[in-house]
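Inspection log for the structure reproduced underneath, given as structure tokens.
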Amino acid sequence: MKNYQITQWCSHFMKEQIRPGDLCIDATAGNGHDTLLLCRLVGETGRVLAFDIQPEALERTRSRLTEHGVAGRAELILDSHSNLSRYAAEGSVSCIVFNLGYLPSGDHTIATHPKSTIAALEAGLLLLQKNGIISLCIYSGKDSGFVERDAVLAYLKALDPKRFIVIMSQYYNRPNHPPIPVLIIKI
């Protein structure tokens, strides 16, 4: 078995889920790694909406997508992920990806927050099609994220089990608050 990082673990499920022609959302574009993967998976006929509140993150994403020849498959949106429902129809999205925390190598004071993240998850659950997934990477170590982690996990625990399956995993033997991968499946 490979030495999986959290993003690789989540990518495994995205690759199983997404088909050419799908609509997908990267709710936290960051450096564009997930947006690039989504663009590759949706193919020439699919579409990706990538959100971030930082112009720097969207520029990094745009550069990565252009470098790999898939920029035409994505719409980069300078807006909070809490506004997902303004950009897609209910039941139209195959996969939504969240990486919580702050932009890697960016300003650590600009990070996701419980209120906007939970609003984004609520919107995302409505946007998902039947059997659609949300891939969620919760980073909480060092200087951010403990309040957000606890609020998001409490929210997820209360989701209706007749409508959603929530699978939370953990790096059980890693020190210093390792990230938490979560998969939400709409049934």
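- Annotation: the span from Arg60 atom CZ to Gln54 atom CD amounts to 8.0 Å, rounded to 0.5 Å.
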- Query: Please walk me through it: do Lys186 and Leu125 pass side-chain contact (heavy atoms from CB on, under 4.5 Å)?
  - Reply: CA-CA 7 Å; Lys186 186 173 187 175; Leu125 291 172; 5.9 Å; no
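- A donor-acceptor pair is defined here as one N or O able to donate and one able to accept, closer than 3.5 Å; no such pair exists between the side chain of Arg47 and the backbone of Glu44.
- Using a 4.5 Å cut-off between side-chain heavy atoms of Ile, Leu, Val, Met, Phe, Trp and Tyr, with links allowed through other members, Val42 and Phe13 fall into different hydrophobic clusters.
- The nearest pair of heavy atoms linking Cys95 to Gln17 is CB-CG, 4.4 Å.
- At least one side-chain heavy atom of Leu156 sits under 4.5 Å from a side-chain heavy atom of Leu136.
- Note on Leu127 and Leu49: same hydrophobic cluster, where clusters join Ile, Leu, Val, Met, Phe, Trp and Tyr whose side-chain heavy atoms are under 4.5 Å apart, directly or indirectly.
- Under a hydrophobic clustering in which Ile, Leu, Val, Met, Phe, Trp and Tyr are joined whenever their side-chain heavy atoms come within less than 4.5 Å, directly or via other members, Ile138 and Ile25 fall into the same cluster.
- Between the OG atom in Ser135 and the CE atom in Met14 there is a gap of 4.5 Å [rounded to 0.5 Å].
- Listed here is the closest heavy atom pair of Ala88 and Leu23: CB-CD2, 4.1 Å.
- Remark: the backbone N or O of Asn31 is paired with a side-chain donor or acceptor of Arg64 at under 3.5 angstrom.
- The two residues Phe164 and Ile187 have their closest heavy-atom pair at N-CG1, 3.7 Å.
- With Thr45 contributing its side chain and Gly21 its backbone, the two residues share a donor-acceptor pair below 3.5 Å.
- Taking CZ of Arg163 as the reference point, atom CD1 of Ile185 lies at 15.0 Å (rounded to 0.5 Å).
- With contacts defined as side-chain heavy-atom distances shorter than 4.5 Å, the pair Arg86/Asp79 qualifies.
- The OH atom of Tyr155 sits 5.0 Å away from the CG atom of Leu159 when rounded to the nearest 0.5 Å.
- Ser11 and Leu37 get closest at one heavy-atom pair: OG-CD2, 3.4 Å.
- Considering CD of Glu122 and CG of Leu84, their distance stands at 11.5 Å, rounded to 0.5 Å.
- In this structure, Asp52 contributes its side chain and Gly30 its backbone to a donor-acceptor pair below 3.5 Å.
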- Carefully, step by step, assess Arg62 and Glu59 under the rule salt bridge (charged side-chain N to carboxylate O under 4.0 Å, His left out). CA-CA 5 Å; Arg62 184 180 329 279; Glu59 282 308 313; 3.5 Å; yes
- Query: Where do Thr61 and Asp26 land on the side-chain contact (heavy atoms from CB on, under 4.5 Å) test, with the steps shown first?
  - Reply: CA-CA 11 Å; Thr61 299; Asp26 186 347; over 6 Å; no
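- Judged by distance alone, the side chain of Asp160 and the main-chain N or O of Lys162 form a donor-acceptor pair under 3.5 Å.
- Counting only heavy atoms from C-beta outward, the side chains of Leu41 and Cys24 never approach each other to under 4.5 Å.
- With rounding to the nearest 0.5 angstrom, the OG1 atom of Thr28 is 11.0 Å from the CD1 atom of Ile96.
- By the rule that hydrophobic residues join a cluster once side-chain heavy atoms approach within less than 4.5 Å of another member, Leu128 and Phe98 end up as members of one cluster.
- Here the side chains of Ile133 and Glu16 are not in contact, with every heavy-atom distance at 4.5 Å or above.
- Considering all non-hydrogen atoms of both residues, Ala74 and Thr35 come closest at CB-CG2, 4.3 Å.
- Side-chain heavy atoms closer than 4.5 Å link hydrophobic residues (I, L, V, M, F, W, Y) into clusters, and following such links, even through other members, never connects Val70 to Leu38.
- For the pair Ala89 and Ser92, the tightest heavy-atom approach, listed with the atom from each and the gap, is O-OG, 2.6 Å.
- Of the candidates Leu100, Val97, Asn99, Cys137 forms a side chain to side chain contact (heavy atoms under 4.5 Å, CB included) with just one, namely Asn99.
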